[in-house]
Amino acid sequence: MKAILIREHGDATHLEFADVDEPRPAAGQVKVKVEAAGVNFIDTYHRTGLYEVDLPFVLGQEGAGSVVELGSGVTGVAVGDRVAWAAGRGSYGELAVVDADRLVVVPPNVDTSIAAALLLQGLTAHYLATDTYPLSSGDTCLIHAGAGGVGLLLTQIAKIIGATVVTTVGSDSKVVLSERAGADQVINYANSDFALEATSALGDRPFDVIYDGVGKATFSKGLKLLKRRGMMVTFGNASGPVPEISPLILARMGSIFLTRPRLGDYIATNQELGKRAADLFRWISEEKLAVRIGATFDLWDAAKAHRALEGRETTGKVLLKP
Ligand code: NDP
């Protein structure tokens with residue numbers, strides 16, 4: 001079968017559209033015909049080696065499709081079921097094998113591609129807003145990269161909860177998308193200083209929480225915008241990893257909290273995964289949550305998808321179709 005393989009770490013030229021052996025489901029696993037694979041920043045970290053993987057490696061953590069074979073001992077899913085996953089391996093392929101307890105069955109009213117587009121970034125937005133810092137209606141939050149995959153979903157979830165939402169985005173066309181997602185104030189940080197803009201609109205240190213998936217470029221400035229005992233949630237490295245800091249800085253900044261969460265720790269059990277996914281699917285059916293598929297590429301064109309994501313050209317979700 002065809003898949004996107006890396007044999008060594010490097011830039012997008014290292015993505016190879018290769019013939020690989022069909023994966024076989026072991027006990028507790030399911031083989032799925034992939035209809036759509038989600039492209040995520042973590043795939044670029046696996047490609048570059050920022051996050052370690054054993055080589056050669058078929059990329060892709062997220063996808064959706066239909067079950068074609070069950071490994072022994074699998075219950076709860078059947079051949080033909082439409083399923084989606086956010087913590088799998090080898091999703092950039094025609095077929096993928098996924099642990100059955102990492103699967104979510106896609107409800108009949110949700111398109112398979114929407115499920116592929118929703119799951120990883122939606123589960124992330126869900127745990128950030130409901131558990132890492134559980135937002136409430138009186139809170140004011142800052143969400144960086146508000147027109148990105150996580151950003152658009154997190155903005156909508158924060159508004160479902162009733163928080164005041166300020167976002168940053170890198171272009172005027174992204175301003176429009178972030179406003180449509182419900183942001184109360186959108187700052188184009190490509191042509192202005194987001195700290196100055198936020199404080200001139202809301203006063204000094206306006207934020208209860210900052211959700212920062214951009215990392216290196218925004219982290220330090222953000223610390224100065226948090227209320228006393230506010231929380232910095234640094235959850236990604238889109239502009240590069242955040243440098244190490246001394247805990248004393250947290251004291252100096254007003255006893256602020258710092259956390260660096262990972263999706264895997266917030267969907268650690270099948271029950272937790274199912275509960276978060278059920279909320280997301282319910283919000284979709286209630287039309288409170290919209291999933292934006294910003295771009296779809298053929299599987300063989302995965303390098304183009306990576307370049308677009310890393311080049312800040314994408315909005316919402318990027319999908320690959322085998
Ligand atoms: P996005 O769709 O948000 O894309 C990243 C965005 O970051 C870009 O579109 C761009 O938006 C912004 N950005 C700012 N500076 C840069 C830069 N130098 N290079 C590239 N992009 C930049 O991606 P995702 O929604 O998939 O992910 C957002 C972040 O969340 C990533 O860092 C990712 O690793 C992280 N993440 C973390 C998870 C976790 O559990 N910890 C799970 C899922 C994602 P703009 O042009 O508007 O600035």
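Both ligands and their constituent atoms are indexed starting at 1 by order of listing.
- Looking at Val150 next to ligand 1, an N or O pair under 3.5 Å apart turns up.
- Annotation: atom 13 (N) of ligand 1 to nearest protein heavy atom, Arg312 NE, 3.7 Å.
- Below 4.0 Å from some heavy atom of Leu263 lie the following atoms of ligand 1, by number and element: 39 (C), 40 (O).
- Considering Phe41, Tyr127, Tyr45 only, the shortest heavy-atom separation from atom 39 (C) of ligand 1 involves Tyr127.
- Using a 4.0 Å cut-off between a side-chain N of Lys or Arg and a carboxylate O of Asp or Glu, Glu310 and Arg47 qualify as a salt bridge.
- Closest heavy-atom approach to atom 29 (C) of ligand 1 within the set Gly213, Pro261, Ser239, Ala238: this belongs to Gly213.
- Ion pairing between Arg229 and Asp208 fails under the 4.0 Å rule for side-chain N and carboxylate O.
- Summary of contacts: the protein heavy atom closest to atom 42 (C) of ligand 1 is Thr124 OG1, 3.2 Å.
- Taking atom 36 (N) of ligand 1 as the reference point, the nearest protein heavy-atom neighbour is Phe235 O, 3.7 Å.
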>> Before you tell me yes or no, could you show the steps for Asp279 and Arg282 under salt bridge (charged side-chain N to carboxylate O under 4.0 Å, His left out), namely the whole-Å CA-CA distance, both residues' side-chain angles and the distance that decides it to 0.1 Å?
In response: CA-CA 5 Å; Asp279 279 348; Arg282 192 183 71 253; 2.9 Å; yes
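- In this structure, of Gln121, Lys216, Arg292, the residue bringing a heavy atom nearest to atom 26 (O) of ligand 1 is Gln121.
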>> The test is side chain to side chain contact (heavy atoms under 4.5 Å, CB included); show your working for Thr130 and Leu135 and say whether it passes.
In response: CA-CA 6 Å; Thr130 63; Leu135 278 172; over 6 Å; no
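- Around atom 46 (O) of ligand 1, the closest heavy atom drawn from His144, Lys174, Gln61, Arg262 belongs to Lys174.
- Of the protein's non-hydrogen atoms, Ala145 CB, 3.9 Å is the one closest to atom 6 (C) of ligand 1.
- Ranking protein heavy atoms by distance to atom 48 (O) of ligand 1, first place goes to Tyr189 OH, 2.4 Å.
- Ion pairing between a basic and an acidic side chain is recognised when a charged N comes within 4.0 Å of a carboxylate O; Asp265 and Arg262 show such pairing.
- Listed by number with element, the atoms of ligand 1 under 4.0 angstrom from any heavy atom of Asn237 are 32 (O).
- Side-chain polar atoms of Arg228 and Ser255 form no donor-acceptor pair below 3.5 angstrom.
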Would you list the atom pairs, donor with acceptor, under 3.5 Å between side chains in residues 67-80 and any protein atom, with sequence neighbours excluded?
{"unit_1": "Glu69", "atom_1": "OE1", "unit_2": "Lys31", "atom_2": "NZ", "d": "3.4"}

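- The distance from ligand 1 to the heavy atoms of Arg260 drops below 4.0 Å at these ligand atoms: 41 (N).
- Here the protein heavy atom with the shortest distance to atom 2 (O) of ligand 1 is Gly149 N, 2.9 Å.
- In the hydrophobic clustering of this structure, Val104 does not group with Val98; members are Ile, Leu, Val, Met, Phe, Trp, Tyr whose side-chain heavy atoms approach within less than 4.5 Å, directly or through other members.
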>> Applying side-chain hydrogen bond (donor to acceptor under 3.5 Å, both in side chains) to Asn40 and Lys317, what does each step give before you reach the verdict?
In response: CA-CA 8 Å; Asn40 290 288; Lys317 187 73 204 179; 2.8 Å; yes
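- Using a non-hydrogen distance threshold of 4.0 Å, Leu120 registers as a contact of ligand 1.
- Cation-pi geometry between Lys227 and Phe207 is not met: the NZ or CZ atom fails to fall both under 6.0 Å from the ring centre and inside 45° of the normal.
- On a distance-only criterion, Gly148 and ligand 1 share no N/O pair closer than 3.5 Å.
- In the vicinity of Val214, heavy-atom distances shorter than 4.0 Å reach the ligand 1 atoms 14 (C), 15 (N).
- Pairs of residues two or more places apart, or lying in two chains, that qualify as ring-ring contact (aromatic ring centres under 6.0 Å, His included) and include a residue from residues 109-147 are His126-Trp283, Tyr127-Tyr266, His144-Phe194.
- Below 3.5 Å of separation, one finds no N or O of Ile42 facing any N or O of ligand 1.
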>> Test side-chain hydrogen bond (donor to acceptor under 3.5 Å, both in side chains) on His14 and Arg7; report intermediate values, then the result.
In response: CA-CA 8 Å; His14 290 77; Arg7 295 181 199 275; over 6 Å; no
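- Near Glu310, meaning under 4.0 Å from one of its heavy atoms, ligand 1 places the atoms 19 (N), 20 (C).
- A salt bridge is absent between Asp298 and Lys304: the closest approach of a Lys/Arg side-chain nitrogen to an acidic carboxylate oxygen does not fall below 4.0 angstrom.
- Here the heavy atom of the protein found nearest to atom 47 (O) of ligand 1 is Gly170 N, 2.8 Å.
- Of the N or O atoms in Val169, none lie within a sub-3.5 Å distance of an N or O in ligand 1.
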